[in-house]
Protein chains: 2
Amino acid sequence: MTVKVTRSMLKRQAIIDGALSAFQQYGVSDTSMDKIAQTAQVSKRTVYNHFESKEQLVTHIIKEIWRQNILTCELEYQADMALDVQLAALLKNELDFLSNQNLQELIRVAIGYCLFNPEIFTAEMSEFFEQETALIRWIKQAVSAGRLRQVEPQKAHAQLISLLKGQAFWPQILHQQPALTNAQIEELTEDTVAFFLAYYQA
Amino acid sequence: MTVKVTRSMLKRQAIIDGALSAFQQYGVSDTSMDKIAQTAQVSKRTVYNHFESKEQLVTHIIKEIWRQNILTCELEYQADMALDVQLAALLKNELDFLSNQNLQELIRVAIGYCLFNPEIFTAEMSEFFEQETALIRWIKQAVSAGRLRQVEPQKAHAQLISLLKGQAFWPQILHQQPALTNAQIEELTEDTVAFFLAYYQA
DNA sequence: TGAAAAGTAAACTAGCTAGTGTAAAAATAC
DNA sequence: GTATTTTTACACTAGCTAGTTTACTTTTCA
């Protein structure tokens with residue numbers, strides 16, 4: 001069964017795509033509604049037919065960014081597999097996620113807006129920064145199974161994520177460094193696994 | 001000897017302070033030159049007498065922020081002191097620096113501007129993110145003295161800084177969390193020292 | 001004291017901003 | 001084929017923007 005795609009829906013999507021593209025280039029404040037309409041190849045009136053105001057368009061897009069980010073992978077703890085292999089797989093997964101070029105541009109827009117509009121940092125949004133749940137769940141299970149030392153899983157998780165983001169996320173967000181190559185991702189994964197397990201493996 | 005402070009210098013400083021204060025509240029794009037003049041209690045013409053354009057005022061302030069940040073403390077490696085005590089002192093120093101409320105607001109302005117104006121991220125600016133030199137030097141010396149395992153000092157340093165920033169800097173910059181309390185700084189320091197030395201101590 | 005330097009208010013230009021009103025054209029629905 | 005919805009171009013408001021001009025006052029400094 002094919003889903004019906006109305007012209008209205010196409011226009012709406014064009015507006016969202018155009019706005020996002022303009023935001024990525026100029027930032028939210030320096031992107032006008034005229035510019036958005038032009039980028040989306042749509043009349044300005046059509047923009048206002050779909051979104052009551054610029055504010056609504058911006059928050060819709062930023063919330064959409066977050067919503068897409070919530071879907072993470074699910075790798076479960078395996079009792080019969082070496083810890084380092086499992087952890088490496090989980091971290092590699094996180095890194096692929098964090099290094100995604102497309103995602104980084106979206107997040108840059110969201111951060112640029114949220115820095116001076118902190119009120120939209122609602123609970124639903126800050127989830128992104130805490131929701132790497134597959135990894136937390138894995139830590140909990142490994143601790144329960146007695147294969148990791150007793151720790152607050154939240155703390156161990158925060159340490160792992162900090163180690164990854166500090167080298168594969170923040171420098172890229174700030175335009176300091178290009179995305180990591182596959183070899184670099186590999187190396188960072190191994191380093192982090194060794195570092196982490198040296199301290200936490202039971 | 002008292003340094004002569006001219007009225008012109010006072011006005012200039014008032015402009016800088018006013019602009020910075022307005023930037024912190026509204027972000028650069030959403031702060032007008034009229035607003036800056038008003039905040040600084042100065043006529044708009046005086047603003048333009050000191051700074052040729054808004055662009056020049058912005059870049060002057062942001063460069064000044066960076067310049068101030070380059071001055072870090074100097075704790076040297078001591079051959080006759082326990083590693084964990086020395087490292088704890090160094091990390092505590094970094095944390096006091098990163099948790100400085102005033103600094104965080106300045107950096108938020110700089111980041112908000114640089115996100116969509118990456119060209120001003122010149123070499124002199126990105127230094128801030130690499131210049132925690134006291135810590136790097138300490139690692140090098142401890143490695144040379146055979147008290148830390150052989151590693152690239154840059155890598156070990158990056159790991160330490162990531163662990164600190166991930167919990168005491170980025171969440172605060174993004175308005176997610178309040179500044180760390182002294183007790184939390186203490187705890188983070190101890191955790192990080194233990195984590196790091198478990199892997200790297202020779 | 002008196003000339004030069006710096007600061008002032010206020011009006012002004014020219015262009016951009018978010019958002020609206022309108023009437024015609026095009027696509028869709030039945 | 002007709003009725004309805006959607007999109008379109010375009011003119012418009014009202015306000016803000018960076019930056020300038022002018023005529024004037026205050027401060028500095030020798």
Side-chain angles (χ1 to χ4, degrees), chain A residues 1-63 109 112-113 116-117 119-120, chain B residues 1-63 109 112-113 116-117 119-120:
Chain A
M1 102 180 213
T2 52
V3 178
K4 179 90 182 212
V5 178
T6 65
R7 183 178 60 149
S8 188
M9 285 160 67
L10 288 174
K11 294 283 176 182
R12 189 185 172 87
Q13 195 55 50
I15 292 166
I16 292 174
D17 293 344
L20 186 49
S21 153
F23 290 160
Q24 287 173 1
Q25 235 181 326
Y26 308 108
V28 171
S29 289
D30 294 333
T31 297
S32 69
M33 292 297 263
D34 286 275
K35 189 84 190 168
I36 291 171
Q38 191 185 321
T39 307
Q41 300 257 56
V42 139
S43 88
K44 184 161 79 158
R45 209 62 186 77
T46 302
V47 177
Y48 279 99
N49 285 342
H50 283 277
F51 298 94
E52 273 188 8
S53 64
K54 184 180 178 182
E55 186 72 19
Q56 280 206 13
L57 175 55
V58 170
T59 55
H60 175 272
I61 286 183
I62 292 185
K63 286 187 178 173
V109 172
Y113 189 70
F116 302 102
N117 300 271
E119 70 281 358
I120 80 155
Chain B
M1 101 181 209
T2 50
V3 177
K4 180 89 182 213
V5 177
T6 64
R7 184 178 61 147
S8 188
M9 285 161 68
L10 287 173
K11 295 283 175 183
R12 188 185 172 87
Q13 194 55 50
I15 292 166
I16 292 175
D17 293 344
L20 187 48
S21 153
F23 290 160
Q24 287 172 2
Q25 236 182 327
Y26 308 109
V28 172
S29 289
D30 294 333
T31 297
S32 70
M33 293 296 264
D34 286 274
K35 188 83 190 170
I36 290 172
Q38 190 185 322
T39 307
Q41 301 255 58
V42 139
S43 87
K44 184 159 80 157
R45 205 57 188 87
T46 301
V47 177
Y48 278 99
N49 284 342
H50 283 278
F51 298 95
E52 272 188 8
S53 65
K54 184 180 178 182
E55 186 71 18
Q56 281 206 12
L57 175 54
V58 171
T59 55
H60 175 272
I61 286 182
I62 292 185
K63 286 186 178 174
V109 172
Y113 189 71
F116 301 103
N117 300 271
E119 70 279 359
I120 78 156

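By convention in this document, chain letters (A, B, ...) are assigned in the order of the sequence lines, proteins followed by strands, and residues within each chain are numbered from 1. Only a predicted model underlies this, so the values are computations on that prediction, with no experimental measurement involved.
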> In chain order, what residues pass the salt bridge (charged side-chain N to carboxylate O under 4.0 Å, His left out) check against B/Asp30, with sequence neighbours excluded?
Replying inline: none
>> If you define the side chain from C-beta out and look only at heavy atoms, does anything of B/Ile36 sit under 4.5 Å from B/Leu57?
In response: yes
>> Can you list, in residue-number order, the parts of residues 28-54 of chain B that come under 4.0 Å of DNA chain D, counting heavy atoms only?
In response: B/Thr31, B/Ser32, B/Met33, B/Lys44, B/Arg45, B/Tyr48, B/Ser53, B/Lys54
> To 10°, what angle do the rotation axes through the five end pairs on each side of the helix from C/dT1-D/dA30 to C/dC30-D/dG1 form?
Replying inline: 30°
>> Below 4.0 angstrom, which residues in residues 10-20 of chain B have at least one non-hydrogen atom near DNA chain D?
In response: none
> Mind checking what makes ring-ring contact (aromatic ring centres under 6.0 Å, His included) contact with A/Phe116, not counting sequence neighbours?
Replying inline: none
> What salt bridge (charged side-chain N to carboxylate O under 4.0 Å, His left out) pairs are there with at least one residue in residues 38-54 of chain A, not counting sequence neighbours?
Replying inline: A/Asp34-A/Lys44
>> Quick check on D/dT7: is either OP1 or OP2 less than 4.0 Å from any side-chain nitrogen or oxygen of A/Ser8?
In response: yes
>> To check you understand the geometry: which heavy-atom pair defines the closest contact between B/Val28 and B/Phe23, and what is its length?
In response: CA-CD2, 3.8 Å
List the atom pairs, donor and acceptor, that lie under 3.5 Å between side-chain atoms in residues 7-19 of chain B and the rest of the protein, sequence neighbours left out.
{"unit_1": "B/Gln13", "atom_1": "NE2", "unit_2": "B/Asp17", "atom_2": "OD1", "d": "3.0"}

> Any ring pair (Phe, Tyr, Trp, His ring centres under 6.0 Å) pairs touching residues 39-60 of chain A, not counting sequence neighbours?
Replying inline: A/Phe51-A/His60
> For A/Ser43 and A/Ala37, which heavy atoms make the closest approach, and how far apart are they?
Replying inline: C-CB, 4.0 Å
> Can you name the side-chain hydrogen bond (donor to acceptor under 3.5 Å, both in side chains) partners of B/Glu55, sequence neighbours left out?
Replying inline: B/Tyr113
> Once you round it to whole Å, what is the distance between P of D/dT4 and CZ of A/Arg7?
Replying inline: 17 Å
> Quick one: side chain to side chain contact (heavy atoms under 4.5 Å, CB included) partners of B/Ser21, sequence neighbours excluded?
Replying inline: B/Thr39
